[in-house]
Amino acid sequence: MMLDATPRDTVAERRALVANPCKTCQPVGAIYAALGVHGAMPHSHGSQGCVSFHRMFLTRHFKEPAMASTSAFTEGASVFGGGANLKTAVRNIFDLYDPAVIAIHTTCLSETIGDDLHAFTSDIEIPPGKRVVYCSTPSYQGSHITGFSAMTAGFIEHLAEKSGEPTGRLLVIPGFVNPADMRQVKRYLDDFGIDYTMLPDTSGVFDAPMTGKFELYPAGGARVAEIARLGDAAYSLALGYWASEPAGNVLKRSCDVDYQALGLPIGVSATDEFILALTRYSKIPVPPSIEEERGQLIDCMLDTHQYLDKQRVAIAGDPDHVLGLTEFCLECGMVPAFIGTGTPGGHFEERVRAILTKHGRKPDSCWVKAETDYFEIHQRIIQEPVDMLLGPSLFKQIARAEDIPLVRVGFPILDRYLHSYFPLVGYQGALHLLKAMCDALMDRLDRDSADADLEFVM
Amino acid sequence: MRKASQTYQQDILVERRSSIFTQGEERDEGDCARGDWPLSRGANKGSRSASKGLTSASVSARKSCRAHAMPAHQEPLSINHIECEKDSVSGAVSQRACAFCGARVVLNPITDAFHIIHGPIGCASYTWDIRGSLSSDSELFRNSFSTDMSETDIIFGGEGKLARAIDQVVQAHRPPLIFVYATCIIGIIGDDVVQVCQEAENRHGIRVIAVQAPGFSGHKAMGYRLAGEAIMQVFGSQPRLRSSGGRQDNQRDQSDPQDGERDQASGINILGDFNLAGEMWIVKNYLKQVGIDVQCGITGDSTYAELLRAPKARLNVVQCAGSMTSLAKKMRDNLDIPFIRVSFYGIKDTCDSLINIAQALGDELATERARRFCAEQSAALQPLMRRYRQQLAGKRAAIYVGGGFKAISLIRQFEELGMTTVLVGTQTGRPEDYVQIRRMVKAGCVVLDDANPAELERFMLDKGADILVGGVKERPLAYKLGVAFCDHNHERKQPLAGFVGVANFASEINYSINSPVWRYI
């Protein structure tokens, strides 16, 4: 087995080596964010291989085409700078793919050689009515999550203007989540009757229907004109401290639009907080449809709590997801045992410990670590086994090695289909997750039970 | 970078690299005779001239030269006039990967080697278990190791970190062989990776081989060459064991490959099979039945010890020509092992290859056995092929694969199924491949080099393709267009090589083309 080499006796300290990473680099997040803007062509300012990897990665997760162009650095460009490449690229892209906006992000290569996108782009002739935005996403900082927030911030920084004429709109930054999650958040906004702009919005892009026609720019996505008016927005809600808050902060700084950052609305409390934020903003009481949904969720949590109680769980993935998942597990009476993310920064450990404290656990009652990797998480699990794994496909090998049921959630999920069509956020999302967790644990009970104990009724 | 002719020969069928063009543009289909086609709107207006010299954008957007012009050109086609193997154009939505990716996918299947990717994390994440190479022994190669270079490492250099990373891998796992890949920025910041690897070899007494594969150094084919050089290094010398703590048992089973004693040579090496879905095992099994020994499969399901045996082989057979021709040439020049190209895709190519291998070895008995074996196997497939031909006859296929040689096999396979190939594209096809493709395809077939999604879409629809054979990025594109799909790349789940592969291929093509889902579009 792949993980046979994982030492089973001790957990060795590794400082120089990452083994089986729990993150990837910024540009893929930047591309995902850019594809949530209608008519945008993400452009990778670096070697041609980067964009090929990113497109492959997104395609493997969503099972959908992912378009992005590249500056295709050569050795020459790496020595003399990529300015000429970018100039050619922008011209070619507008000529040939005719996007509304080109969303340029950097790579480790272009950052290291010191390419100045501000200087380059101000030097490039942009066709009338077209826009170019850019952001800095060196792969040696942050992770795909910070890349997502950098690109979202880039759109706001370069497009949003303040005219002084309020639009009365709410900006919602949904976080690095699947299209189904964005649809779920939008449904709540619609239920409240709130006028909003969601940026980015990959619904209708990464879950576009089959029509017999390939759309280079699918119907979904935030409109450039809407983004341009964000400077006059009434307020912003940033869902996710890592993936969304920095962009909310940029709009606050550039156009003085106040914002509130919330965790991803995963589970009961986090969704409550989000719904209450909508109530506060709209001054409208919670619509009965949402009340009903919440009630259904609580009902189902009660029905199933006997199977979830005290179940030990290891949670890994992106920090905003992991926070939400941790809290939902606690709400279900489960015991988070190992909690890790590969993404650095953002006070991950403090935030997780705060959640533990809030739910009456000792803050050090479980192992929490940012900038960790699957190799280390595996070693911890070997020391103190858990009942369930909650995280991306990359958990799969650990699930096999230790014979632990895995519930796939987050990014990337490369080995299953349709996952991006079912929400994780909101009360509906929690229902889906609850079902998946119960199915996993109860399938395991059935598998492991003696013949005499195998029951029709559970 | 290889220089290719800027002059466009009238009879060249290869669509120029990254021929990015606007949808709905008027094209003069019949006219393939002009030497220099103004193709894109931009080129007509002259606004592209600035890009000349930097990239091939200005001359790239060529019309597709239709094959109905073919009969007019009977003289042999000069391969110097085919433009391929060039860099992608800035601004292209290229389907191609980089040199690092090429090196990584070739070396990855060596099952007891460890791969440390020296650079920021992305390159390790994207290539973690990137292809489904199966192993009969260790699965350790499927782990992903990286130095995860951070900003401070970039500023202060990553040599120390790399050295520690190698130490940690050696301490934890004691592999016999480690490949260290230097990605884009490592050369830029000036890390001396070769030196660090050399020192690690000295410290640990195992092979630590630097693969300097920055993405900007070229596309995937460049990476294949770099992988070939790394494999030559594996053959080349023993680890310099200076410290006493090193593992000695790596030393067993090693003979000096450079001793020139070719008379002891026996068997063959299979180059360019990566044991996807166990294909290497199928091929090895056929060879065993025919009575031909295999020294080493490079690199599918190989080990360090097997690689060291490779120089003893009498013949190299090259399956994935795109990735392995450079290594085959080096082994021919340095180790005196001749090579032949083979393909185990399709009945005819599988039979031809087995017989050719036996003949190239001058082994009459094996040749006879190969003939008999192939005749039996082909005959056994015929009833199945007849059934599939009834389902598939007249259907039109589009091919978009990595290498040219695979495209050639696929064209033949579609012929065996009674289908017509209407579009052929490759990422890294070489001029000779395109010459051969041109000879094989029927009139009207479009041939593209480094096609982008817009081109694939246009020509698939234009030509009424029923199915596309391609890789991961092409699958959703095909489905969106209402075109069936078969993955002939990393994500194949059943073997497509050999006689069993013929049956699997036909079945995949059939279930995708004739899926009931198409009725509901």
Side-chain angles (χ1 to χ4, degrees), chain A residues 1-2 4-5 7 12 14-21 23-25 27-28 46-50 52-53 55-57 59-60 63-65 67-75 77-78 84-86 88-93 95-98 108-109 112-113 139-141 210 212-214 216, chain B residues 20-22 40-42 51 54-55 57 87-94 96-98 100-101 120-122 124-126 128 139-140 142-151 154 161 164-165 168-169 172-173 184-185 188-189 215-217 219 453-454 457 472-473 476-477 479-482 521:
Chain A
M1 278 206 59
M2 181 182 117
D4 281 351
R14 273 176 296 118
R15 288 188 187 283
L17 184 70
V18 164
N20 300 341
K23 64 171 176 181
T24 183
C25 64
V28 75
S47 303
Q48 66 179 11
C50 304
S52 166
F53 283 142
R55 292 177 56 213
M56 176 192 77
F57 211 58
T59 290
R60 284 181 166 176
K63 317 295 180 194
E64 286 288 310
M67 293 298 133
S69 56
T70 169
S71 287
F73 269 48
T74 56
E75 220 141 312
S78 310
N85 286 49
L86 192 64
T88 310
V90 168
R91 194 172 43 232
N92 278 339
I93 294 166
D95 259 13
L96 303 162
Y97 304 117
D98 195 32
C108 50
L109 176 60
T112 306
I113 64 174
S139 319
Y140 47 75
Q141 282 175 351
M210 155 82 192
K213 199 165 176 297
F214 168 66
L216 188 56
Chain B
I20 31 187
F21 60 83
T22 322
S40 68
R41 294 171 303 170
S51 64
L54 176 74
T55 71
D87 297 322
S88 288
V89 176
S90 294
V93 178
S94 169
R96 276 186 175 161
C98 62
F100 160 71
C101 182
I121 196 69
S125 290
Y126 303 122
W128 181 5
E139 299 277 341
L140 300 185
R142 296 174 63 188
N143 288 286
S144 171
F145 296 99
S146 169
T147 50
D148 186 18
M149 294 281 279
S150 67
E151 195 165 17
I154 304 295
K161 194 172 194 181
R164 288 197 301 281
Q168 284 166 8
V169 164
H173 310 290
C184 280
I185 57 169
I188 304 277
I189 64 172
F216 57 79
S217 66
H219 58 76
E457 176 193 10
V472 49
K473 291 191 289 291
L477 178 71
Y479 289 162
K480 282 277 184 267
L481 296 171
I521 292 168

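In the text below, chain A, chain B and the rest are named by the order of the sequence lines, each starting its count at 1.
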Review point. Side chains of B:Pro120 and A:Cys25: does their closest heavy-atom pair fall under 4.5 Å?
Key: no

Check your understanding: Quick one: of A:Cys50, A:Ala68, A:Ser69, who has the most non-hydrogen atom pairs under 4.5 Å with chain B?
Key -> A:Ser69

Exercise for review: Please round to the nearest 0.5 Å and tell me the distance separating atom CZ of A:Arg15 and atom NZ of B:Lys161.
Suggested key: 11.0 Å

Check your understanding: So do B:Val93 and A:Arg55 actually touch side chain to side chain, heavy atoms under 4.5 Å?
Key -> yes

Check your understanding: Looking only at heavy atoms, which two atoms of B:Gly91 and A:Tyr97 are closest? And how far apart?
Key -> O-CE1, 3.3 Å

Check your understanding: Tell me, side chain or backbone of A:Thr59 under 4.5 Å from chain B's heavy atoms, or both, or neither?
Key -> side chain

**Study point:** Least distance between heavy atoms, A:Tyr140 atom then B:Met149 atom
**Key:** CB-O, 3.1 Å

Review point. Is the shortest heavy-atom distance from the side chain of A:Gln48 to the side chain of B:His219 under 4.5 Å?
Key: yes

Revision key, fill the gap. Under 4.5 Å to a heavy atom of chain B? For A:Val90 that would be neither

Exercise for review: Taking B:Ser90 for its side chain and A:Ala89 for its backbone only, find out whether a donor-acceptor pair lies under 3.5 Å.
Suggested key: no

Exercise for review: Report yes if the side chains of A:Ser52 and B:Cys98 come closer than 4.5 Å at any heavy-atom pair, otherwise no.
Suggested key: no

Practice item. Answer with side chain, backbone, both or neither: which region of B:Leu140 has an atom nearer than 4.5 Å to a non-hydrogen atom of chain A? Key: both

**Study point:** Residue, of A:Thr112, A:Val18, A:Asn20, that accumulates the most heavy atom pairs under 4.5 Å with chain B
**Key:** A:Asn20

Review point. What's the shortest heavy-atom distance between A:Cys108 and B:Ile185, and which atoms?
Key: O-CG2, 3.2 Å

Exercise for review: Could you tell me how the ring of B:Tyr126 sits relative to the ring of A:Phe57: parallel (under 30°), tilted (30 to 60°) or perpendicular (over 60°)?
Suggested key: perpendicular

**Study point:** Heavy-atom contact with chain B under 4.5 Å, split by part of A:Ala19
**Key:** both

Check your understanding: With respect to chain A, which residue among B:Cys184, B:Ser146, B:Ala172 yields the maximal number of heavy-atom pairs within a distance under 4.5 Å?
Key -> B:Ser146

Study note, to complete from the structure: In this structure, CG of A:Asn85 is separated from CZ of B:Phe216 (nearest 0.5 Å) by 12.5 Å

Point to revise | Contact summary for A:Thr24 and B:Gly122, nearest pair of heavy atoms | key: OG1-CA, 3.7 Å

Practice item. Work out which heavy atom in A:Pro65 is nearest to a heavy atom in B:Lys480; give both atom names and the distance. Key: CG-CG, 4.1 Å

**Study point:** Side chains of B:Glu139 and A:Asp4 in contact at under 4.5 Å (non-hydrogen atoms)
**Key:** no

**Study point:** Portion of A:Glu64 that has a non-hydrogen atom of chain B nearer than 4.5 angstrom
**Key:** both

Revision key, fill the gap. If one checks every heavy atom of B:Tyr479 against chain A at 4.5 Å, the contacting part turns out to be backbone

Check your understanding: How far apart are the closest heavy atoms of B:Leu481 and A:Lys213, and which atoms are they?
Key -> CD2-C, 4.3 Å

Revision key, fill the gap. Bottom line for A:Leu109: the part with an atom under 4.5 Å from chain B's heavy atoms is both

